Amino acid sequence: DIVMTQTPLSSPVTLGQPASISCRSSHSLVHSDGNTYMSWLHQRPGQPPRLLIYQISIRFFGVPDRFSGSGAGTDFTLKISRVEPEDVGVYYCMQATHFPYSFGQGTKLQIK
Amino acid sequence: EVQLAESGGGLVQPGGSLRLSCAASGFTFSSYWMSWVRQAPGKGLEWVANIKEDGSVKYYMDSVRGRFTISRDNAKNSLYLQMNSLRGEDTAVYYCARESSGWRWGQGILVTVSS
């Protein structure tokens with residue numbers, strides 16, 4: 001099974017400052033069709049997960065451009081250029097290349 | 001607008017059964033793989049099972065294989081999860097999700113397994 005490891009698990013950040021979350025997979029996430037099915041999700045307390053980024057770097061509809069994704073193979077990064085108050089919550093990376101699909105442990109973003 | 005609405009959750013005793021449903025709208029249901037994902041209280045996300053567009057292929061996580069059955073009715077735009085032999089560790093919010101390059105998620109439904 002693919003293990004997704006996120007760092008850090010907790011990230012206190014100052015409003016207006018950048019934030020970065022890393023995700024490493026135990027095996028390459030490149031699918032046989034050539035795509036890499038690696039996504040980033042954001043979840044606020046009591047809410048369902050919300051898709052931010054899919055296929056490494058494609059922002060979902062309505063996601064602000066302060067969010068960006070990068071990486072390849074086994075190493076991926078989510079960056080927030082300037083943290084806003086609504087960005088607090090837990091961020092998850094997810095792979096849907098290999099069965100069983102799997103998620104990272106989650107990174108809690110908090111405002112200092 | 002894509003909408004996914006789960007129902008059928010609740011409190012059940014260990015060893016009992018429950019059937020979750022997910023009503024889909026706003027897209028061509030029969031054209032997408034569908035998944036169930038769960039989240040235990042205070043924990044992270046865990047993929048449970050998925051099913052191919054026509055229902056011919058199904059995958060499960062190890063801990064539910066043989067106890068849970070995923071199914072769909074494309075005529076009713078509905079996804080199901082039959083859960084048998086429920087255990088305490090199955091307690092979670094269960095989300096229905098449409099697979100695609102950009103996954104879409106339902107609001108979730110709580111299943112509590114307790115005596």
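Keep in mind that this is a model prediction, so the values were computed, not measured. Chain naming here is simple, since letters A, B, ... match the order of the sequence lines and numbering starts at 1 in each.
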* Going by atom types alone, do A:S25 and A:Q95 pair a side-chain donor with an acceptor below 3.5 Å? -> no
Go through the atoms of [X] and report whether side chain, backbone, both or neither lie under 4.5 Å from a heavy atom of chain A.
X	value
B:V93	neither
B:W105	side chain
B:S100	neither
B:Q39	side chain

* Which one, A:N35, A:V90, A:L41, leads in non-hydrogen pairs under 4.5 Å with chain B? ->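 Option with the greatest count: A:L41.
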* Residue among A:P100, A:P49, A:P45 with most heavy-atom pairs under 4.5 Å to chain B ->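 Result: the option with the highest number of such pairs is A:P49.
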* Can B:Y80 be reached from B:V111 by stepping across I, L, V, M, F, W or Y side chains whose heavy atoms are under 4.5 Å apart? -> no
* Asked: Does the cation-pi check pass for B:R72 over B:F29, that is, NZ or CZ under 6.0 Å from the six-membered ring centre and within 45° of its axis?
  -> yes
* Given A:R44, A:R66, A:R82, the one that forms salt bridge (Lys or Arg N to Asp or Glu O under 4.0 Å) with A:D87 ->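 Only one of A:R44, A:R66, A:R82 forms a salt bridge (Lys or Arg N to Asp or Glu O under 4.0 Å) with A:D87, namely A:R66.
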* Asked: Any salt bridge between B:D90 and B:R87, counting N to O under 4.0 Å?
  -> no
* What part of A:Y101 lies closer than 4.5 angstrom to a heavy atom of chain B: side chain, backbone, both or neither? ->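 Answer is both: backbone and side chain atoms of A:Y101 are under 4.5 Å from chain B.
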* Quick one: what part of A:I58 sits under 4.5 Å from any heavy atom of chain B, side chain, backbone, both or neither? -> neither
* Asked: To the nearest 0.5 Å, what is the distance between OG (B:S21) and NZ (B:K76)?
  ->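 Rounded to the nearest 0.5 Å, the OG-NZ separation comes to 9.5 Å.
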